[in-house]
Amino acid sequence: MADSLTKTYAGKAAAGYMSASLLSAETLGKGNLTVLPNVPFTVNLNNFALSAAAITDASCNFVSAGDVTYAEKALAPKRLQLNRAICKNNWLSTWAGANMRAGLDGSLQTDFASYLISYAGSLVGQQVEQSIWNGAALTTGQFGGFKEQLTADGGADVAAGTLSAANIIAELGKVRDAIGAAVYGQEDLCIFMGTAAVKFYISAQAALGYRNLFHDGATEMNFEGITIKWAPGMAADCMIAGRKSNMFFATDLEGDLTEVKLLDQTLVDGSDNVNMVMRFNAGVGYSTRADIVLYA
């Protein structure tokens, strides 16, 4: 573990902090999944179905008809954390350390501390976004995402090709055709697509002359009446169609996903460290596999 510092500070103030762009927490931030809070360990997703044979011709007697199926599927969020020690001594010769309070209990400069908290929270949001769609349960720092679960639970419903602006419309048509009759037309039905696929779709719409705008203006994120949702964490050449009411994100306290703490250790153990701490749990799951289409 090391701090890689590229420093040019020589006594003159700089103009703020900058970092590489992070993926937005698009899926959760836009409310595209059903969020289940207060799940410290596990929650059961219940699936109840009554067969159409329950509907029969009327008679004078009560005659029970039709099959009932009920199944419970466990969703167990994975506990995750972000722990990183920031050594104050390493930052003294940087602009970030220029305004550090002097003395044995000197603390990080306030603006820099606020930036660290914001950046760490955004990084966690990025990692959660990636895990939701493409996470692997056995990989450190990730939880099992929808693609992994759906693949294990029946495999791809539509074999994927290499997506491009030239074929995105045809490939979306394959996903549409695979959507079950009971799901098609439901208000909360969406097709989730990664960044590259969304770009291809917008490009294809522009080439087709969307509302005679062509390349001037934004296209509507909709495919033949089915809403398209951008999922930045989704793998390339992958799409998932499903209902929000059938796709769940579970966590303990929702605030844990946004709370980063900076704990100064100087007066605790005599070290020159500030501990950056974030702990949370997260996981995804679905109730009815047959109502979801995996293009992969």
Side-chain angles (χ1 to χ4, degrees), residues 21-39 43 45 75-78 80 82 118-137 139 141-151 153 160 163 172 175 179 183 186-202 218 220-223 226-260 278 280-289 291-296:
S21 296
L22 300 176
L23 286 173
S24 64
E26 181 77 10
T27 298
L28 296 181
K30 296 292 179 63
N32 293 337
L33 300 178
T34 300
V35 176
L36 303 176
N38 304 316
V39 182
V43 62
L45 306 178
L75 195 175
K78 184 177 180 180
L80 300 164
L82 183 155
S118 176
Y119 183 88
S122 296
L123 179 63
V124 168
Q126 168 186 306
Q127 293 301 104
V128 168
E129 173 72 31
Q130 291 176 336
S131 282
I132 285 173
W133 301 107
N134 201 42
T139 298
Q142 300 181 15
F143 54 87
F146 281 116
K147 182 181 180 182
E148 181 179 74
Q149 294 182 37
L150 292 166
T151 299
D153 190 12
L163 295 177
L172 275 167
V175 174
I179 296 172
V183 176
Q186 296 294 334
E187 185 176 357
D188 62 344
L189 172 64
C190 303
I191 298 176
F192 295 94
M193 299 164 55
T195 301
V198 166
K199 288 181 178 180
F200 293 145
Y201 181 66
I202 292 173
E220 193 174 333
M221 296 302 288
N222 183 295
F223 180 73
I226 304 172
T227 300
I228 290 176
K229 296 291 187 181
W230 177 38
M234 187 172 288
D237 302 326
C238 179
M239 293 185 279
I240 293 176
R243 300 181 63 187
K244 175 181 175 179
S245 55
N246 186 39
M247 301 175 71
F248 302 91
F249 174 84
T251 186
D252 192 351
L253 298 177
E254 292 183 74
D256 288 347
L257 289 170
T258 58
E259 184 178 12
V260 183
M278 187 174 185
F280 60 98
N281 68 358
V284 295
Y286 49 85
S287 175
T288 307
R289 172 63 178 91
D291 289 349
I292 300 178
V293 174
L294 172 63
Y295 174 100

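Hydrogens, waters and symmetry mates play no part in the numbers below; they use all other heavy atoms, side chains included. None of the values given here were measured: they were computed from a predicted structure.
The local environment of NZ in K199 is sparse, with at most 12 non-hydrogen atoms from other residues, nucleotides or ligands closer than 6.0 Å.
Panel note: side chain Q142, backbone S131; no donor-acceptor pair is recorded below 3.5 Å. Distance alone, capped at 3.5 Å, places no donor-acceptor pair between the D252 side chain and the N281 backbone. Side chain of D291 to main chain of Y286: no donor-acceptor pair is present (N/O by atom type, distance under 3.5 Å, no hydrogens or angles). No side-chain donor-acceptor contact under 3.5 Å links T227 to the backbone of N222. Using a distance-only test at 3.5 Å, with no hydrogens or angles considered, a donor-acceptor pair links the side chain of K78 to the main chain of A137.
Taken to the nearest 0.5 Å, the CG atom of L80 stands 4.5 Å off from the CZ atom of F280. Separation of atoms CG (L163) and CG (D237) is listed at 4.5 Å; rounding is to 0.5 Å.
Here the closest non-hydrogen pair linking G285 and Q149 is CA-OE1, 3.7 Å. Closest approach of C238 and K147 over heavy atoms only: SG-CD, 4.2 Å. Here the closest non-hydrogen pair linking E148 and G135 is CB-O, 3.7 Å.
Residues that satisfy the ring-ring contact (aromatic ring centres under 6.0 Å, His included) test with F143, not counting sequence neighbours, are absent from this structure. In terms of the ring-ring contact (aromatic ring centres under 6.0 Å, His included) criterion, Y295 has no residue partners (sequence neighbours excluded).
Here the side chains of V128 and L28 are in contact, with some heavy-atom distance below 4.5 Å.
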(request) Under the side-chain contact (heavy atoms from CB on, under 4.5 Å) rule, what do M193 and L172 come out as? Steps first, then yes or no, please. (result) CA-CA 10 Å; M193 299 164 55; L172 275 167; 3.9 Å; yes

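Between F146 and W133, the ring planes are tilted. Angles from 30° to 60° get that label.
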Show me, pair by pair, the donor-acceptor contacts under 3.5 angstrom made by side chains of residues 239-246, not counting sequence neighbours?
unit_1: R243; atom_1: NE; unit_2: D188; atom_2: OD1; d: 2.7
unit_1: R243; atom_1: NH2; unit_2: D188; atom_2: OD1; d: 3.3
unit_1: K244; atom_1: NZ; unit_2: G31; atom_2: O; d: 2.9
unit_1: S245; atom_1: OG; unit_2: D188; atom_2: OD2; d: 2.7
unit_1: N246; atom_1: OD1; unit_2: S287; atom_2: N; d: 3.1
unit_1: N246; atom_1: OD1; unit_2: T288; atom_2: N; d: 2.8
unit_1: N246; atom_1: ND2; unit_2: T288; atom_2: O; d: 2.9

